[in-house]
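Since the structure comes first, as structure tokens, the remarks are kept for the end.
Residues: numbered from 1 along the sequence shown. Being a predicted model, the structure only gives us computed values, none of them experimental.
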Amino acid sequence: MNEPTSTALIPRLHLFELLDQDWYPRTLRDLGTDYLHTVSEKTGVFDAATDVLARGLRASESQELLDLGSGGSGPLPRLCRMLEKQQGLKPRVVLSDLYPTANAAERARAHGVDYLERPVDATRVPPELRGMRTLFNALHHFRPEQARQVLADAQERNVPFAAFEIMQRTPTGILGMLPVPLMVWLFTPLIRPLTPLRLLLTYVLPVAPLASLWDGLVSAFRAHRPEELRAMTASIAREGYTWEVGEVKRPGKPTVTYVLGLPAGSRAER
């Protein structure tokens with residue numbers, strides 16, 4: 001649901017997220033990224049992105065998909081199963097992150113997905129990494145000028161690009177983060193590996209619930225509004241590449257805001 005009047009009163013605040021900090025301990029980082037992956041996998045919060053993702057893949061010359069800011073491997077293992085079943089697409093997927101983790105690499109490979117164990121900066125993607133680029137709940141990590149750089153680099157390389165966000169900078173979006181500690185407690189038994197340390201830092205010392213709550217609230221305040229994303233893509237637009245910003249939703253799932261970039265003339269371009 002759009003809230004144009006209320007959102008005018010909520011400026012974008014680029015506060016610090018724990019998962020963005022290079023000093024944040026690897027053990028605590030895994031608590032957060034593993035939780036986010038499990039929620040994405042079990043609840044299908046990004047299922048509405050499937051059709052948009054398919055459009056981008058059909059515009060890709062190589063049918064390769066490079067995910068940036070993958071964290072704990074995110075929703076792509078689930079979405080790839082949906083793409084094959086619903087769209088007849090079976091891309092080769094490579095996951096990457098600025099802070100790659102062994103847990104995520106092991107989990108991704110169990111799903112038949114590659115995971116780069118070297119850091120990949122979404123603002124400076126190495127040229128040898130080709131294919132369609134995606135980000136899931138990651139674009140809000142970048143300040144507007146950095147996000148513009150992420151988009152511009154994909155355009156410069158003339159590769160399809162799609163970013164998907166469920167975070168919303170609205171009163172509803174911010175208040176929706178308050179139940180996060182309860183969600184962490186409920187989903188932790190489904191996380192693998194379920195270690196004694198994870199149980200300790202979730203149920204005895206509530207480090208994981210409180211850290212996820214903080215990052216969730218900060219993410220909502222960092223979220224880019226659709227009109228801001230349209231202004232961002234308009235500022236870098238050039239002939240030969242088209243940009244689209246919109247929202248998609250499935251019953252019982254959150255609204256997904258997306259940015260889609262396509263090389264002009266591709267079959268997937270509208």
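- Within the model, atoms CE of M167 and NE2 of H140 stand 6.0 Å from one another, a figure rounded to the nearest 0.5 Å.
- Atom CG of D47 sits about 6.5 Å away from atom CG of L79, to the nearest 0.5 Å.
- Closest of all the heavy-atom pairs between P263 and A59 is CD-CB, 4.4 Å.
- Using the six-membered ring where Trp is involved, F164 and F136 have ring planes that are parallel, under 30° apart on the 30 and 60° scheme.
- Q63 places a side-chain N or O within 3.5 Å of a backbone atom of L57 that can act as its donor or acceptor partner.
- Residues R107 and D34 are paired through a salt bridge, judged by an N-O separation under 4.0 Å between the basic side chain and the carboxylate.
- One N or O on the side chain of D215 and one on the backbone of L19 form a donor-acceptor pair closer than 3.5 Å.
- Annotation: cation-pi geometry satisfied between R29 and Y99 (NZ/CZ under 6.0 angstrom from ring centroid, within 45° of ring axis).
- Residue A208 comes nearest to T202 through the heavy atom pair CB-OG1, 3.7 Å, listed as atom of the first residue, atom of the second, then distance.
- Remark: the backbone N or O of T43 is paired with a side-chain donor or acceptor of K253 at under 3.5 angstrom.
- Across G74 and H37, no two heavy atoms sit closer than the pair O-ND1, 2.9 Å.
- Each of L31, L194, L201 was scored for a side chain to side chain contact (heavy atoms under 4.5 Å, CB included) with T188, with one residue passing: L194.
- Nearest approach of L260 to A162, heavy atoms of both residues: CD1-CB, 4.1 Å.
- You'll find the side chain of T50 reaches within 4.5 Å of the side chain of Q86, heavy atoms only.
- The shortest side-chain heavy-atom distance between T255 and V248 does not fall under the 4.5 Å cut-off.
- Using modelled atom types, one side-chain atom of S235 and one backbone atom of M232 make a donor-acceptor pair closer than 3.5 Å.
- In this structure, L18 and L28 have side chains that are not in contact, with every pair of non-hydrogen atoms separated by 4.5 Å or more.
- Side chain to side chain, E17 and S219 meet the donor-acceptor criterion of an N or O pair below 3.5 Å.
- Atom OG1 of residue T38 and atom CZ of residue F187 lie 8.5 Å apart, to the nearest 0.5 angstrom.
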Tell me, with the steps shown, if E244 and R55 meet salt bridge (charged side-chain N to carboxylate O under 4.0 Å, His left out). CA-CA 12 Å; E244 174 184 327; R55 288 175 55 204; 3.0 Å; yes
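- Here L200 contributes atom CG and T195 contributes atom OG1; the two are 9.0 Å apart, rounded to the nearest 0.5 Å.
- The nearest pair of heavy atoms linking H224 to F142 is NE2-O, 3.1 Å.
- The backbone N or O of L15 sits less than 3.5 Å from a side-chain atom of R222, completing a donor-acceptor pair.
- If you chain together hydrophobic residues whose side chains sit under 4.5 Å apart, L262 and L65 fall into the same group.
- Using a cutoff of 4.0 Å between basic side-chain nitrogens and carboxylate oxygens, R169 and E228 are scored as salt-bridged.
- Each of Y24 and L210 belongs to its own hydrophobic cluster when Ile, Leu, Val, Met, Phe, Trp and Tyr are linked at side-chain heavy-atom distances under 4.5 angstrom.
- Formation of a donor-acceptor pair under 3.5 Å by the Y241 side chain with backbone atoms of G261 is found in this model.
- Ring orientation note: the planes of F16 and W214 are tilted relative to one another, at an angle of 30° to 60°.
- A donor-acceptor distance shorter than 3.5 angstrom exists from the side chain of Q149 to the backbone of T123, with no hydrogens or angles considered.
- Atom-to-atom distance recorded for E165:CD and N137:CG is 5.0 Å, nearest 0.5 angstrom.
- Proximity of a side-chain donor or acceptor of E64 to a complementary backbone N or O of P91 within less than 3.5 Å is not detected.
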Evaluate D30 against R198 for salt bridge (charged side-chain N to carboxylate O under 4.0 Å, His left out), listing each step before the verdict. CA-CA 9 Å; D30 286 347; R198 185 184 300 279; over 6 Å; no
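- Within the model, atoms CH2 of W185 and OG of S212 stand 11.0 Å from one another, a figure rounded to the nearest 0.5 Å.
- Hydrophobic clustering (side-chain heavy atoms under 4.5 Å, transitive across Ile, Leu, Val, Met, Phe, Trp, Tyr) keeps V52 apart from V159.
- Minimum interatomic distance between L66 and S96 (heavy atoms only, all atoms of both residues): CD1-OG, 4.1 Å.
- L98 is not connected to L139 by any chain of hydrophobic side-chain contacts under 4.5 Å among Ile, Leu, Val, Met, Phe, Trp and Tyr, and they are in different clusters.
- By the 4.0 Å N-to-carboxylate-O rule, R109 lies close enough to E117 to be salt-bridged with it.
- Taking 4.5 Å as the limit, every side-chain heavy atom of V94 sits out of range of all side-chain heavy atoms of D67.
- Remark: side-chain polar atoms of T233 are paired, donor with acceptor, to backbone N or O of R230 under 3.5 angstrom.
- Salt-bridge formation is not detected for the pair D97/R118: no Lys NZ or Arg NE/NH1/NH2 atom is positioned less than 4.0 Å from an Asp or Glu carboxylate oxygen.
- Here D153 pairs with R133 in a salt bridge; the nearest charged N to carboxylate O distance falls below 4.0 Å.
- With Q146 contributing its side chain and R143 its backbone, the two residues share a donor-acceptor pair below 3.5 Å.
- Donor-acceptor pairing under 3.5 Å is recorded for the side chains of R58 and Q87.
- At a threshold of 4.5 Å between side-chain heavy atoms, the hydrophobic network of Ile, Leu, Val, Met, Phe, Trp and Tyr places L217 and L175 in one connected group.
- Between V113 and L76 the shortest side-chain heavy-atom distance does not fall below 4.5 Å.
- Taking the side chain as every heavy atom from C-beta outward, L129 and L116 approach each other to under 4.5 Å.
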